[in-house]
K.L.:
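Structure incoming, see below.
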Amino acid sequence: MKTPYKMAAVWISFFCATFAYAQPTIFKEADYKLGEKLIAESKCVACHVSKVGGNGSAIYKPQGRINNASLLRGMVEQCNTELNLGMFPEDVTSVAAVLNRDHYKFK
């Protein structure tokens, strides 16, 4: 049986982890594992490297024209359409959620 102190520590850890990864409502149903997989399979990084050089991360400019979660999701949808990636809407949301978590940090 766990002591009250151990239980408190478990709950505090849970709530800290939950709030540390808070995402905008638009990404509430996102599947992060799927988003990561789709980013790799779609060769997003290679495309970004070809556009901006380096490791491709310069394409992520939170202070640029992508300044909220909805615009980020829209940009992923634009890539999906232009490159004919065949992602479903929930796939696009998952990719955008991963990008938000890793680069943009919109709340």
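Since the model is a prediction, treat every value here as computed from it, not as a measurement. In what follows, residues are counted from 1 in the order of the sequence shown.
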K.L.:
Any idea which heavy atoms bring Cys79 and Leu85 closest together, and the distance?
P.N.:
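For Cys79 versus Leu85, the nearest heavy atoms are O-CD1, 4.1 Å.
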
K.L.:
Quick one: NZ on Lys107 to CG on Asn68, what's the gap to the nearest 0.5 Å?
P.N.:
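It comes to 15.0 Å.
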
K.L.:
Heavy-atom distance under 4.5 Å between the side chains of Gln23 and Tyr32, does that happen here?
P.N.:
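When only atoms from C-beta onward are counted, Tyr32 and Gln23 do touch, with a gap below 4.5 Å.
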
K.L.:
Should Ile66 and Phe106 count as side-chain neighbours, where that means a heavy-atom distance under 4.5 Å?
P.N.:
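Heavy-atom side-chain distance check passes, below 4.5 Å.
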
K.L.:
In the structure I gave you, are the side-chain heavy atoms of Leu99 and Ile39 within less than 4.5 Å of one another anywhere?
P.N.:
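The answer is yes, as the side chains (C-beta and beyond) meet within the 4.5 Å cut-off.
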
K.L.:
State, with a plain yes or no, whether a side-chain heavy atom of Ser42 is found less than 4.5 Å away from one of Met87.
P.N.:
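They are in side-chain contact.
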
K.L.:
For Lys105, look at atom NZ and say whether over 12 heavy atoms of other residues, nucleotides or ligands are found less than 6.0 Å away.
P.N.:
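Enclosed: over 12 neighbouring heavy atoms sit under 6.0 Å from NZ of Lys105.
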
K.L.:
Would you indicate whether the side-chain heavy atoms of Ile59 and Lys51 approach each other to under 4.5 Å?
P.N.:
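Yes, side chains in contact.
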
K.L.:
Do Glu77 and Glu82 have side chains that approach each other closer than 4.5 Å (heavy atoms only, starting at C-beta)?
P.N.:
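Glu77 does not reach Glu82 side chain to side chain.
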
K.L.:
Output all residues satisfying side chain to side chain donor-acceptor pair (under 3.5 Å) with Thr93, sequence neighbours left out; order by chain, then residue number.
P.N.:
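In terms of side chain to side chain donor-acceptor pair (under 3.5 Å), with neighbours along the sequence ignored, Thr93 is linked to Arg73.
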
K.L.:
Which ILVMFWY residues can you reach from Val45 by hopping between side chains whose heavy atoms are under 4.5 Å apart?
P.N.:
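Hydrophobic cluster check, Val45: joined to Val49.
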
K.L.:
For the residue pair Tyr104 and Tyr60, does the interplanar ring angle fall in the parallel (under 30°), tilted (30 to 60°) or perpendicular (over 60°) class?
P.N.:
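Correct class here is perpendicular.
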
K.L.:
How many angstroms lie between atom OG of Ser94 and atom NZ of Lys37, to the nearest 0.5 angstrom?
P.N.:
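One gets 11.5 Å once the value is rounded to the nearest 0.5 Å.
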
K.L.:
Out of Leu72, Val76, Asn100, Asp31, which residue meets the side-chain contact (heavy atoms from CB on, under 4.5 Å) rule with Val95?
P.N.:
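Result for side-chain contact (heavy atoms from CB on, under 4.5 Å) with Val95: Val76.
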
K.L.:
State the CD-CE distance between Gln78 and Met75, to the nearest 0.5 angstrom.
P.N.:
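Those atoms lie 4.5 Å apart.
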
K.L.:
Side-chain contact test, heavy atoms from C-beta onward, threshold under 4.5 Å: evaluate it for Phe27 versus Arg101 and give yes or no.
P.N.:
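No, too far: nothing below the 4.5 Å cut-off.
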
